[in-house]
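Everything on this sheet refers to the single structure shown next.
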Amino acid sequence: MTSLTRRHFLKISAAGTATVILAGCDTDERWVELEPYVQPPLEQISGIASWYATSCRQCPAGCGIIARVMNGRAVKLEGNPEHPVNRGRLCARGQSELQVLYHPDRVTGAVFQAERGSREYEPVAWNEAINTLYERLNEAGSRVAVWLGSSTSDHLYDLFRRFTEAIGAPAPVRFDLYSAINGYSALSSASAQMLGRSTLPAYDLGRADMVFSFGADFVGSWLSTTGYSVEYGRFRSQPNNQRGYLVHFEPRMSPTGAAADQWLPIVPGSEALVAQAIARLIADGDTGSAERIERAAALAGEINLEAVPGATGVSMEQLERLARLFARAERPLALPGSPLTGQPNAAQAIAAVQMLNVIVGAVGQPGGMSLSSALPEGAPAAAPISTFADVQALLGRINGGEVDVLLVHGANPAYELPPGAGFTDALQNVGYVVSFNPLVDETAVWADAILPDRTPLESWGYNVVTPTFQGVPVISSQQPVVTPLYDVRPTGDVLLTVARGIPAAASALPWTDEVAYLQEVVAGLPAGAQGGDDAAVRWARFLQHGGWWTDAPTGEEAGAEAPEAAAPITASAAEFQGDAGEYPYFLHLYLSPLLGDGSGAAVPWLQGTPDPMTTVSWRTWVEINPRTAEELGLSHSDVVRITSPHGEIEASVYVYPAIRPDTIAIPFGQGHEAFGRYARNRGANPLRLVGMDAGEDAASFNWANLRVKIERTGSEKALARFESTIEPGEHAHLPLSYGAVHERIEEVEENVEMEQE
Amino acid sequence: MAENNKWTMIVDLDKCTGCNACVVACHAENNVPIANEEEVIKGRGLHWIRIERYWEGEYPDIKARFLPVFCQQCGNAPCEPVCPTYASYHSDEEGLNGQIYARCVGTRYCGNNCPYKVRFFNWRAPEFDEPLNQQLNPDVPVRGAGVMEKCTFCIQRIQRVRQTPEGDYGPMTRDGDLQTACTQACPSDALIFGNLNDPESRVSRMLPNDRQARLLEHLGTEPAVYYLKGGTTNVGE
Amino acid sequence: MAQEVLLGLFDNLEATTAVLRDLERQNIPDRNIEVMSNVPYAPKVLGRRPTRQWPFLPFVLAGVLGGLAIALFIVVITPRLYPIIVGGQPLTPFPPSAIIVFEFVALGAMAGGFIGFLLQNRYPVLVRQMYDPRISEGYIGVAVRADDQAADSVADIFAAHNAHDVVREDAARYPVQSRRFLAFWAGLAVVGLLALLAPLLLTYNIIDIPWFNQMRESPSIGFQEGPRRAAPAESIPIQGPVLINGQPATEPLPASEESLQRGQLLYEVNCAICHGMQGNADGSMTKYFPEAPVLTTDRVSGMADQEIFMIITLGRNRMPSLAENLTVNETWDVVNYVRALREAGQ
Amino acid sequence: MLESSADRTPYWQEPLPEDDELAQQVAHARDEHLLVDARPPAETNSLMFRAMTRTGPLFWLMVLGLGGLTFALFATWVIQMFYGLGITGLNRSVMWGPYIVNLVFFIGIGHAGTFISAALRLMRMDFRRPIARLAETVTLFGLALAALFPLIHLGRVWKVYYMFPIPTQRELWPNFRSPLLWDATAITAYLIGSTLFMYTALIPDLATARDHLTGWRKRLYGALSLGFRGTESEWSRLETLSNILSYIIIPVMFSVHTIVSWDFAMAIQPGWHSTIFGPFFIVGALFSGVAAVIIVMIIVRKAMRMGYFLREEHFNAMGIFLLILSLTWVYFYFNEYIVTWYGNLPAERAILQMLTTDASPLFYLMLFCNIIVPLGTLWSRRVRTSLPAMLVIAVFVQIGMYLERVLIVSGFLSRNELPFNWINYTPNWPEILITIGTFGFMALLYILWTRVVPIIPLWEVHEGQSRQRLPRIGRAIVPTRTEPH
């Protein structure tokens with residue numbers, strides 16, 4: 001206590017007053033054991049927080065976060081206000097990265113598993129673990145495969161790529177369910193075809209005034225959710241009291257559908273048809289500028305308009321109205337959502353939607369569509385997401401016995417691949433499987449060794465952001481905000497250590513540790529918004545500001561010279577798997593806005609937070625239209641068996657009024673067999689219904705064109721619904737009238753009609 | 001900072017996407033425990049801020065309405081006078097409904113009397129599996145079993161700013177410097193927080209607003225939370 | 001003259017009234033005669049004058065006033081001891097106060113009446129009384145206190161009216177109930193008061209009973225609790241400069257007017273004691289630390305800001321570290337002020 | 001000197017008229033009316049004291065069983081304190097459940113006691129004489145057990161002294177603007193008042209017991225009777241005090257249940273916020289209270305062989321009382337219902353809807369118990385004087401009134417202004433155990449009490465008997481009351 005100076009003491013009491021006031025007057029309520037500090041570490045004063053900028057790794061979007069650190073413990077994450085992606089905001093998943101850090105089931109050191117799948121882990125010293133890995137890699141030569149996730153830090157991808165290159169193995173596969181469902185590779189290859197560069201398209205939503213979203217749940221789970229939600233906020237309050245108009249096409253109402261001014265429940269798989277019909281109608285009509293009509297005429301392929309209403313569920317009047325709205329709007333924008341990318345004709349379907357952007361001249365314009373900004377010379381490139389073809393190739397190598405050592409980081413293929421992939425069986429052909437995941441996930445269960453990486457908040461790294469926003473290229477920096485909780489080694493350091501002993505790799509990976517590598521990368525960056533002349537200052541500012549970006553758009557994205565597209569684009573409705581007679585319902589799968597692809601399921605905050613639309617937490621549910629439920633005699637909590645041509649799952653029914661009667665919807669996220677106490681044995685993984693079929697370009701597997709049947713199992717399992725479970729009946733009332741919104745649609749229609757007259 | 005603040009929240013329903021970022025931010029900031037599945041099924045879900053989802057209309061002309069509800073910090077709070085131990089009281093200085101956990105004996109009268117149902121009772125002692133407890137915000141006490149709790153407009157942040165000597169951080173009293181956890185997180189900027197007594201603040205500039213409404217205004221509770229109903233689109237003009 | 005007490009038991013009312021009439025004729029004072037019965041008989045029925053009673057009114061009134069006092073204390077005084085406005089209500093609103101006043105007044109009146117009853121009857125009776133259990137079987141007892149002579153005639157009267165039984169004893173065996181009952185009630189009141197005060201030992205935490213109070217064992221880790229975790233090595237927080245390899249990450253705070261004012265204040269508190277108010281090393285401690293340098297020299301002005309920052313933060317030679325006393329921004333304020341000292345000196 | 005033969009004998013030895021027909025009428029009147037059927041006090045006293053001191057194996061078996069229920073009550077409470085209220089079925093909308101229902105219910109049955117005792121006393125209704133103490137006992141234990149429930153209900157009962165106006169180091173007094181503290185004040189006043197009222201009337205009987213019993217009982221009653229001898233001044237003071245207490249305790253009684261109803265009516269919960277709640281609750285309380293007294297009368301008469309004291313005339317009178325209260329209750333309930341229905345406010349509409357859908361079994365059972373059963377049967381004197389029938393009816397009324405409180409407390413709370421938060425409530429085992437345990441505890445206290453205290457006020461019966469005469473009016477013998485003062 002002697003070390004407490006008066007001043008220090010005053011500070012402590014000042015800081016503590018907030019607590020004291022809340023804790024009230026009862027002395028016995030709160031007492032603390034004071035810990036005297038003779039020499040407090042710099043930046044650590046009791047009661048005063050330190051703030052560290054880093055980047056979020058809960059999804060690949062690369063938002064900037066600021067961690068509030070108290071006495072060396074991270075206690076709160078907030079958005080980085082300077083960061084061009086999330087601009088100070090942070091989604092639920094990002095917030096809960098804290099619980100990843102403090103997860104009670106983390107692997108606290110290197111472990112070996114004598115018998116795969118036994119879940120009996122033997123702690124080993126790191127030296128031994130690294131030595132074993134070294135020996136295995138040394139023996140394997142080029143018979144090595146690396147599997148990374150989309151959220152794996154880009155620097156790790158770079159290091160692994162250098163490593164595989166050096167030893168002559170194929171480049172790492174970077175593939176997980178999140179990137180698969182969001183269609184990263186499909187969208188990237190569409191960009192490559194259309195605009196010449198393989199990267200994610202970027203949409204300037206905030207400045208668009210008429211947005212047609214073809215299943216893009218951009219406020220729920222699409223690409224860069226927080227970034228697009230910020231954009232959505234701007235979209236709703238544009239300068240001069242302008243307010244954008246959003247039309248959402250999706251068989252099941254997602255949060256974006258709920259936010260939309262108009263939600264159109266189209267037949268699953270018919271997004272491309274709708275897009276094409278709109279293009280055709282623009283071409284045939286007389287609304288919009290002459291250029292638009294001209295471009296539409298050039299691009300819109302032949303389509304039998306008569307058949308469209310039947311195939312899509314959108315009436316001809318509605319289609320005509322939509323075409324008018326889109327053609328007439330000043331800055332219209334069309335978004336190709338994730339369901340398009342899970343269809344066999346993904347490339348066509350995406351092209352059909354992007355065609356609308358080309359027609360209205362939105363490419364490269366404010367409020368339009370462009371490519372993610374490329375980084376200038378000298379900067380690292382965004383790590384590419386593998387296509388499903390790459391995955392299949394890797395599976396082929398594994399099954400062919402061509403892989404002796406498999407390294408898995410940030411991905412969970414045992415959970416995230418359709419069962420048809422037979423991943424766990426295939427592992428029998430691999431001599432040595434290493435998982436670097438901090439939690440024991442399904443893949444780690446089948447690993448020989450777990451060399452846990454640090455959790456994101458303890459780690460170094462960077463992330464080249466895609467998609468970008470407003471044309472600003474961004475590299476998010478990642479730095480530890482706390483000292484590691486356990487004796488866990490950064491995978492980058494492990495790799496560098498191992499590589500030092502492997503002759504082929506030693507020269508390719510000369511850095512002493514990953515920080516040295518990162519510093520070198522940062523030193524090579526051109527001047528950004530953060531300034532700083534010498535390397536050390538620039539490095540410091542890179543960390544301090546949360547990354548590197550430019551002040552203004554670089555113009556590196558696809559410019560105004562939009563392709564005067566050559567051939568007309570035609571697309572048809574998606575072919576569905578499963579016979580309509582045997583499997584009467586369409587299956588609509590979607591990423592849970594909270595749990596994502598399942599990587600968020602380990603965390604109680606996300607498990608316990610209600611889903612926005614259903615308010616269900618903690619379990620998987622099956623959304624069924626009330627009419628369908630009535631026909632099938634189903635009600636809330638009835639457990640049903642969903643069977644597709646590829647498999648079956650069981651889950652409880654949620655009677656969901658905003659879904660097509662011929663469609664049922666299931667969220668991804670649950671159904672883990674491992675992954676910590678909060679995720680394990682909870683709900684079902686709808687991936688079991690999905691097969692290994694892939695479309696023409698095999699960018700992703702086909703998950704959005706399934707038919708299923710529903711059977712009642714007879715049992716009941718109540719869902720944890722936060723909403724009232726009481727049927728509101730005829731006396732339901734809204735506590736607040738949303739009058740103004742009611743009038744919106746009519747008003748828009750009136751405006752359009754007036755113009756026509 | 002002026003005496004007698006009037007902290008106010010504006011919820012722009014036109015922008016709310018129901019994403020729940022505010023909910024998790026609040027859990028993190030205020031040490032709100034997570035109710036497990038059984039508890040939620042029993043109707044004991046616990047979130048200081050919750051997104052109520054209402055359906056309007058029928059398929060296919062159906063609308064989902066999101067309504068973020070949290071303590072409305074009533075000017076005439078029904079919860080206050082019914083508390084026998086002054087655990088819920090009114091702070092004139094900040095214009096807030098205070099809840100002093102240590103005074104609470106758990107009569108739950110305030111919870112009954114709250115028309116917004118934003119008061120939550122700790123049915124059990126909260127559990128944080130170690131080391132999840134290391135995340136807990138030391139500025140906020142963890143409520144024990146038998147105690148009522150509710151949204152405080154992040155009073156700890158207000159207190160911290162008020163009690164920070166100017167020399168340390170500089171006077172952080174400009175509008176926007178002080179944010180509740182939920183407003184800070186809200187990606188679509190649907191939540192706006194500020195001092196209505198500060199004419200320069202964003203909330204003052206946004207109010208009055210022709211879209212404004214207050215929840216259950218007919219009860220005369222004088223809430224400090226203003227909801228902005230949906231806007232109108234003038235595209236195509 | 002020895003006093004005697006006689007008790008005659010009669011089985012009917014008529015005999016009793018006759019006895020009473022005869023006793024009256026014998027000039028036995030009314031106050032020396034007591035009639036005991038198992039059911040209430042009004043004095044009129046017995047042909048006697050109503051006994052003088054202490055009236056109940058003063059007791060009830062005292063009870064009312066006592067209750068009122070407690071009620072007013074509760075509704076007027078206690079809210080003002082710790083004034084808290086709730087629900088926009090005044091500190092002493094009328095309707096709730098009326099309820100409390102009513103209840104306490106009613107309670108006071110009832111308690112007052114009951115205490116009046118006890119005191120008037122001089123309960124509890126702590127002395128021997130002339131009584132016979134047969135009275136509660138329906139016999140009417142007439143007890144008379146008289147001297148020897150009168151006692152004989154009383155006995156005769158009893159006999160004349162066919163007393164069922166007569167008990168005659170020396171009055172000394174039946175002392176009059178004096179004020180012993182008051183002592184009893186006073187003692188009881190003291191015990192009661194002590195019992196009421198005993199909880200104060202608990203409410204003032206003089207006796208602290210350990211109770212499973214979950215709020216005390218908070219799972220959170222307070223500002224100064226638990227082992228402090230070191231700051232992550234090499235990471236750079238956003239709120240201030242951190243020394244990496246001896247080099248600050250960012251530039252110091254600009255030497256604004258505000259910064260200099262803060263710096264001056266901090267300097268005078270933390271530095272001037274050795275380095276002097278003007279940086280001339282003439283502070284009051286210089287006799288113990290003669291080596292304290294003058295801060296306006298070229299040597300100091302030639303130092304980088306960062307170096308001064310480091311000296312303040314880490315200490316040098318016999319100068320202690322001030323890391324504990326100054327935050328990062330405050331240190332920069334002092335650095336700015338130290339720079340300004342030289343300019344001021346010139 | 002007026003000499004009348006009648007006055008030469010004690011009142012219990014009134015000679016029979018010589019006329020046979022009149023003698024028969026007298027015999028008949030004695031059969032019917034307790035107060036003209038005077039017997040020597042020694043005989044009636046020993047009737048009472050024998051019943052008090054007789055404790056057969058059945059009695060001890062009952063004590064054991066009821067003791068088990070009492071143990072369940074307290075054990076559950078301790079478990080609940082330890083694990084928190086989470087073990088109950090309460091939820092975030094229905095924060096008050098059976099504990100508050102029990103509070104209202106037990107306070108409710110505590111109302112008849114004083115009403116019968118005090119109000120009927122002031123109105124000089126003679127049929128109250130043997131019933132008064134039975135009813136007061138119901139009041140006393142009903143209130144005492146009701147006072148237990150705010151404690152059981154508390155989230156942190158170990159901090160209950162925060163609610164008491166005692167100085168603490170917190171330097172904070174409780175908030176008397178809270179209806180809960182009006183409640184506490186009123187219950188305290190009523191409990192103390194009832195205790196004093198009961199004790200006052202008990203003193204002469206304790207003195208009688210002191211005279212007739214031996215051993216520890218003699219010492220106990222000797223101390224408790226404070227030295228009462230039955231002198232005329234003692235009697236007249238007792239009379240005065242009883243009158244004072246009666247006059248004061250009646251408004252206190254009304255205030256208590258009104259304030260209990262205000263716990264609800266002061267809240268802006270839809271369905272609760274009603275001005276009629278005060279009288280509505282009082283009528284409900286009297287209704288269930290009278291039913292409770294009837295149950296107790298029947299059991300005491302049966303178990304303690306009190307047929308001499310508790311006669312058909314008493315059951316008849318209580319039956320009429322119950323009938324009137326049932327009618328009044330119906331009136332109030334309809335009043336409450338139609339105003340809500342006509343008002344048609346969204347939240348209140350939801351409550352009415354709840355009554356006819358989710359809660360319809362309880363709702364219809366309540367209407368059956370509270371309206372159909374009493375109104376359909378009690379108009380008949382044969383039913384009113386039939387003990388089994390009265391027992392069944394009284395039990396039905398109790399069930400009905402309990403359900404009424406269940407619907408008002410946890411039923412109404414399940415609907416509120418924001419439909420997102422409508423949550424139905426189902427009790428879990430702790431509430432059920434505690435409720436059953438409390439009924440057991442009540443019964444235990446009651447049967448032990450009947451063995452300690454003369455449960456029939458002997459002196460009041462004797463007093464009534466000493467003042468009843470059977471004069472002849474025309475050819476009929478008509479019991480008449482004399483009123484000396």
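In what follows, every heavy atom counts, from backbone to side chain, and hydrogens, waters and symmetry copies are set aside. We name chains A, B, ... by the order of the sequence lines, and we start the count at 1 in each one.
A donor-acceptor pair under 3.5 Å is formed between the side chain of D/Glu232 and the backbone N or O of C/Val35. With hydrogens and angles ignored, the 3.5 Å screen pairs a side-chain donor or acceptor of D/Asn45 with a backbone N or O of C/Ser136. Counting only distance, with no hydrogens or angles, the side chain of D/Trp235 and the backbone of C/Ser37 share a donor-acceptor pair below 3.5 Å.
Neither the backbone nor the side chain of C/Pro83 comes within contact range of chain D; no heavy atoms are under 4.5 Å apart. The parts of C/Val86 that come within reach of chain D are both its backbone and its side chain, each placing non-hydrogen atoms under 4.5 angstrom from that chain. For a residue to count as touching a neighbouring chain, one of its non-hydrogen atoms must lie under 4.5 Å from one of that chain's; by this rule D/Pro204 does not touch chain C. Contact of C/Phe73 with chain D is made through the side chain alone, with heavy-atom distances under 4.5 Å. At a 4.5 Å heavy-atom cutoff, D/Gln13 makes no contact with chain C through either its backbone or its side chain. Only the side chain of C/Leu118 comes within less than 4.5 Å of a heavy atom of chain D; its backbone N, CA, C and O stay farther away. At a 4.5 Å heavy-atom cutoff, the contact between D/Tyr199 and chain C is made by side-chain atoms alone.
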Verdict with reasoning, D/Ser255 to C/Glu103, per side chain to side chain donor-acceptor pair (under 3.5 Å): CA-CA 8 Å; D/Ser255 80; C/Glu103 297 295 344; 2.5 Å; yes
Show your reasoning for whether side chain to side chain contact (heavy atoms under 4.5 Å, CB included) applies to C/Glu137 and D/His212. CA-CA 9 Å; C/Glu137 283 178 8; D/His212 291 270; 2.8 Å; yes
Evaluate the criterion side chain to side chain contact (heavy atoms under 4.5 Å, CB included) for residue pair C/Phe117 and D/Ile203; output intermediate values, then yes/no. CA-CA 12 Å; C/Phe117 171 74; D/Ile203 290 173; 3.7 Å; yes
Test side chain to side chain contact (heavy atoms under 4.5 Å, CB included) applied to D/Ile249 and C/Met110, step by step: CA-CA 8 Å; D/Ile249 208 160; C/Met110 290 191 287; 4.2 Å; yes
Could you walk me through whether C/Phe56 and D/Ile244 pass the side chain to side chain contact (heavy atoms under 4.5 Å, CB included) check? CA-CA 9 Å; C/Phe56 272 92; D/Ile244 290 173; 3.8 Å; yes
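Put simply, of C/Leu46, C/Ile84, C/Ile99, the one with the most heavy-atom pairs under 4.5 Å next to chain D is C/Ile99. Ranked by non-hydrogen atom pairs under 4.5 Å with chain C, the options D/Leu458, D/Leu238, D/Asn175, D/Thr200 are led by D/Leu238. Comparing C/Leu126, C/Val75, C/Leu91 by how many heavy-atom pairs each has under 4.5 Å with chain D, the most go to C/Leu91.
A donor-acceptor contact under 3.5 angstrom links the side chains of C/Tyr131 and D/Asp211, judged on distance only. No side-chain N or O of D/Glu463 forms a donor-acceptor pair with one of C/Tyr41 less than 3.5 Å apart.
The aromatic ring centroids of C/Phe102 and D/Trp182 lie 6.0 Å or more from each other.
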